[in-house]
Amino acid sequence: MKRIKIKELLNKTEGQESILVKGWVRTRRDSKGGFSFLEINDGSCMGNIQAIVDHTLNEFSELEKQITTGSCVAINGKLVASEGKGQKMEIQATALEVYGTADAETYPLQKKRHSFEYLREIAHLRPRTNTFGAVMRVRSRLAYAIHQFFNDRGFVYLNTPIVTTSDCEGAGEMFQVTTLDMTNPPKVDGKVDYAQDFFGEKTSLTVSGQLEGEIYALALSEIYTFGPTFRAENSNTSRHLSEFWMVEPEMAFYDLDDDMDLAEEFIKYLLADVLENCSEDMEFFNQRIDKTILETLRHIVDNQFERLTYSDAIHRLQQSTENFTYSVEWGCALQAEHERYLSEKVFKKPIIVYNYPEKIKSFYMKLNEDGETVRAMDVLLPKLGEIIGGSQREENYEILLKRLKDSDLDPEEYWWYLDLRRFGSAPHSGFGLGFERLVQFVTGMENIRDVIPFPRTPKHARF
RNA sequence: UCCGGUGUGGCGCAAUGGUAGCGCAAUCGACUGUUAAUCGAUGUGUUAGAGGUUCGAAUCCUCUCACCGGAGCCA
């Protein structure tokens with residue numbers, strides 16, 4: 001007989017059929033009436049199916065000791081209307097098989113709530129909890145929705161390299177990739193001789209696929225990347241990972257306004273998709289993780305983001321009576337406290353700050369006519385902060401070359417990037433969205449380590 | 001990396017210089033179409049590690065480690 005997933009099973013209204021379910025026992029309650037109640041979960045959805053196992057069933061007497069919280073079982077039986085409260089349907093077992101036992105005295109997951117800190121120490125078992133099941137289902141749905149959003153709009157999904165030689169862009173410290181003998185590397189003039197390394201030059205893990213994305217946007221018009229990204233920053237916060245996933249669309253013929261329009265539409269689309277397609281899991285987050293999450297997401301979907309220039313933002317901050325730790329002056333980067341004040345207290349919704357001072361932003365961002373600001377934008381969410389950073393790219397060869405030099409970067413290393421401006425250059429824009437921050441925001445989970453299956457942070461790469 | 005906090009049975013926590021305890025889980029039993037069942041009984045500790053102060057340290061001091069929160073860097 002073919003196994004049926006519990007998600008399908010719970011959608012059925014008619015009983016009396018013979019079915020087969022397989023899954024992990026969440027809890028077992030015995031009745032001296034001569035039967036046991038088993039709650040089975042297979043991860044296909046939040047809900048469990050209750051199975052009634054009569055103690056006269058042959059297998060039960062043999063397997064009784066083996067059926068504990070955490071064990072894995074297969075149950076044949078009839079789907080019937082439940083006599084008890086709390087569930088409509090249940091399975092009257094006719095046959096039982098135990099695939100794997102879980103010794104109750106040593107199984108680390110108990111029938112109670114655990115702290116997320118503890119669950120991180122048992123990252124191989126935490127997906128068997130309600131919270132992590134829900135997080136990973138929502139994460140998967142968001143990934144699907146991301147592809148759907150861009151695919152519907154004719155964007156080409158582009159895979160940019162993970163191992164790269166562009167030791168550049170200033171996005172962050174990089175992880176080096178090498179096959180050289182670390183205890184005795186070959187040297188020339190006292191320096192490591194990368195000519196003898198695997199790729200014949202120094203290579204690292206990518207910090208962004210943007211520059212490569214621009215290559216393809218200036219050929220296919222609209223592309224997006226969605227893949228892993230690596231930053232060797234010693235960041236120890238609830239919003240940073242050393243290995244995370246990033247979505248980076250890059251579009252020819254888009255100016256900064258088009259870029260902001262796309263970013264806003266994108267975020268709203270994703271939130272609406274999850275509200276519609278993960279309602280059960282979202283209901284769980286609303287009850288157990290953040291009581292305002294559904295309201296917050298709906299509010300964002302239904303309202304326009306507030307767009308203001310960096311100069312306006314500075315002005316508003318200077319007008320406010322709020323006591324900031326960092327003083328506010330035109331030309332300084334906005335601090336987390338400033339961003340939060342604007343999105344949480346002033347506008348109470350997502351904001352997009354754009355036209356930042358040239359001096360605090362990257363070399364590739366397009367210089368405005370005023371000569372002192374660039375067409376950069378950040379999407380800031382209440383509580384979470386920056387979720388998207390983007391810009392219109394500088395398409396003028398001479399200006400780009402000057403900005404490279406002003407940033408103390410070697411134009412030689414960017415020869416192909418400059419070539420894009422020598423041959424058929426075009427106005428173009430793009431942005432990057434941190435996937436885990438999105439999952440964090442959507443689920444209401446407080447720590448980014450709990451929205452990725454295997455978090456990598458400084459001094460932590462176990463599992 | 002900086003600032004602050006925490007570290008005590010399997011898990012969550014208490015004990016404010018004087019006998020290390022509670023809840024949950026586990027084990028055994030009772031009871032029941034049960035719902036994170038309920039009731040009773042039982043076992044569980046190098047108080048993160050090292051050193052110091054003291055008649056006496058989970059508690060005070062020093063160092064190390066781990067984790068958490070905030071900041072910076074960013075997505």
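Note: hydrogens, waters and symmetry copies are ignored here, and every other heavy atom, side chains too, is used. Bear in mind that the values here come from a model prediction, so they are computed numbers and not experimental data. Proteins get letters first, then strands, A, B, ... in listed order; numbering begins at 1 in each.
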message = For a quick test of reading the model, state the closest non-hydrogen atom pair linking A:T27 to A:T69 and the distance between them.
response = CA-OG1, 4.0 Å
ask   = Considering only B:A37, B:C11, B:A75, which nucleotide approaches the side chain of A:H114 most closely?
value = B:C11
request  = Measure centre to centre between the rings of A:F347 and A:F305, then say whether the value is under 6.0 Å.
outcome  = no
query = Within 45 degrees of the axis of the six-membered ring of A:Y224 and under 6.0 Å from its centre: does A:R153 put its NZ or CZ there?
reply = no
task = Return the stacking result for B:G33 and A:F37: yes when the ring centres lie under 5.5 Å apart and the planes under 30°, no otherwise.
result = no
ask   = Judged by modelled atom types alone, do A:E214 and A:Y364 share a side-chain donor-acceptor pair under 3.5 Å?
value = no
request  = Rounded off to whole Å, could you give me the CD-to-P distance for the A:E233 and B:C74 pair?
outcome  = 8 Å
inquiry  = Return the pairing partner of B:U16 with a 3.5 Å limit on both distances, Watson-Crick or G-U wobble; otherwise return none.
reply    = none
query = Is there a Watson-Crick or G-U wobble partner for B:C74 with both distances under 3.5 Å, and which nucleotide is it?
reply = none
ask   = Counting only Watson-Crick or G-U wobble pairs whose two distances fall under 3.5 Å, which nucleotide matches B:A57?
value = none
ask   = C1' atom, B:C13 versus B:A75: distance in rounded Å?
value = 37 Å
Any donor-acceptor N/O pair under 3.5 Å between B:C74 base and A:H240 side chain = yes
task = Starting from P on B:C74, measure out to CE on A:M365 and report it in whole angstrom.
result = 10 Å
query = Can you tell me if A:N368 and A:R375 form a side-chain donor-acceptor pair at under 3.5 Å?
reply = yes
ask   = Ignoring hydrogens and angles, are the base of B:C73 and the side chain of A:S235 linked by a donor-acceptor pair under 3.5 Å?
value = yes
query = If you check every side-chain atom of A:T237, which of B:A37, B:G33, B:G72 has the closest atom?
reply = B:G72
task = Looking at every strand, decide which applies to A:T27 at a 4.0 Å heavy-atom threshold: base, sugar-phosphate, or nothing.
result = sugar-phosphate
inquiry  = Any N or O donor-acceptor pair under 3.5 Å from the base of B:U34 to the side chain of A:E39?
reply    = no
ask   = Hey, does A:E83 reach any base, or is it just sugar-phosphate, or nothing, if we go heavy atoms under 4.0 Å?
value = base
inquiry  = Counting the atoms with a prime plus P, OP1 and OP2 as sugar-phosphate, which does A:R26 contact under 4.0 Å by heavy atoms, base, sugar-phosphate, or nothing?
reply    = nothing
ask   = Does A:R437 make a side-chain donor-acceptor contact with the base of B:C74, cut-off 3.5 Å?
value = yes
ask   = So what does A:I388 touch, heavy atoms closer than 4.0 Å: a base, only the sugar-phosphate, or nothing?
value = sugar-phosphate
Span that lies between the P atom of B:G51 and that of B:A57, in whole angstrom = 14 Å
inquiry  = Could you check whether A:Q176 and A:S204, counting side-chain N and O atoms only, form a donor-acceptor pair closer than 3.5 Å?
reply    = no
remark   = What one should report as the nearest heavy-atom pair of A:E344 and A:K383 is OE2-N, 2.7 Å
remark   = Separation of B:C68 atom P from A:E121 atom CD, nearest Å, is 9 Å
inquiry  = Measure CD/A:E248 against C1'/B:C74 and give the value in whole Å, please.
reply    = 13 Å
task = Could you tell me which nucleotide pairs with B:G4 by Watson-Crick or G-U wobble geometry, both distances under 3.5 Å, or answer none if nothing does?
result = B:C68
request  = Send over the distance from A:N236 CG to B:C3 P, rounded to a whole Å.
outcome  = 14 Å
key: Given B:A75, B:U34, B:C24, the nucleotide with the shortest approach to the side chain of A:Q110   = B:C24
ask   = Tell me: CD of A:E64 to C1' of B:C28, nearest whole Å?
value = 13 Å
message = Tell me whether the side-chain N/O atoms of A:N48 come closer than 4.0 Å to OP1 or OP2 in B:A36.
response = no
inquiry  = Taking the P atom in each of B:U46 and B:G40, what is the distance between them to the nearest angstrom?
reply    = 29 Å
request  = Check the distance between B:C67's C1' and A:N447's CG and give it to me in whole angstrom.
outcome  = 11 Å
Closest nucleotide among B:A37, B:G10, B:A75 to the A:Y118 side chain = B:G10
inquiry  = For the C1' atoms, the ones on B:G23 and on B:U44, what distance do you get once it is rounded to whole angstrom?
reply    = 15 Å
note = Among B:G70, B:U27, B:C68, the one nearest any side-chain atom of A:R449 is B:C68
query = Should we count CD of A:Q335 as having more than 12 external heavy atoms under 6.0 Å?
reply = yes
request  = Classify the ring geometry between A:F150 and A:F266 as parallel (under 30°), tilted (30 to 60°) or perpendicular (over 60°).
outcome  = tilted
query = Does the side chain of A:R28 get closer than 4.0 angstrom to OP1 or OP2 of B:U35 through an N or O atom?
reply = no
inquiry  = Any base atoms under 4.0 Å from A:F435, or only sugar-phosphate, or nothing? Heavy atoms, all strands.
reply    = nothing
message = Which is more 5' along RNA chain B, the nucleotide nearest A:E105 or the one nearest A:Y326? Just name the residue.
response = A:E105
query = With respect to the side chain of A:H460, which nucleotide from B:A26, B:C67, B:C73 is positioned closest?
reply = B:C67
task = Determine whether the side chains of A:W245 and A:T229 contain a donor N or O and an acceptor N or O closer than 3.5 Å.
result = no
query = Can you tell which of B:A75, B:G33, B:C68 lies closest to the side chain of A:R231?
reply = B:A75
query = Rounded to whole angstroms, how far apart are CD on A:E339 and P on B:A71?
reply = 11 Å
ask   = Can you tell me if the side-chain N/O atoms of A:R113 get under 4.0 Å from OP1 or OP2 in B:C24?
value = no
query = Which value, in whole Å, describes the distance between the P atoms of nucleotides B:A58 and B:A15?
reply = 15 Å
query = If we take the C1' atom in both B:G12 and B:U53, what is their distance in whole Å?
reply = 33 Å
query = Nearest nucleotide by nearest heavy atom, which residue falls closer to the 5' end of RNA chain B, A:A336 or A:Q92?
reply = A:Q92
task = For B:G9 versus B:G5, give the span between their P atoms, rounded off to a whole number of Å.
result = 22 Å
note = Out of B:A75, B:A66, B:A71, minimum distance to the side chain of A:K459 belongs to B:A66
query = B:C11 pairs with which nucleotide, Watson-Crick or G-U wobble, both distances below 3.5 Å?
reply = B:G23
ask   = Side-chain donor or acceptor of A:S82 under 3.5 Å from a matching atom on the base of B:G33?
value = yes
ask   = B:A26 and B:G10: how far apart are their C1' atoms, nearest whole angstrom?
value = 8 Å
ask   = What nucleotide, of B:G33, B:C28, B:A26, holds the atom closest to the side chain of A:K65?
value = B:C28
query = In the structure shown, which nucleotide is the Watson-Crick or G-U wobble counterpart of B:G33, with both distances under 3.5 Å?
reply = none
task = Can you check whether any acceptor in the base of B:U34 is under 3.5 Å from a donor in the side chain of A:Q50, or vice versa?
result = yes
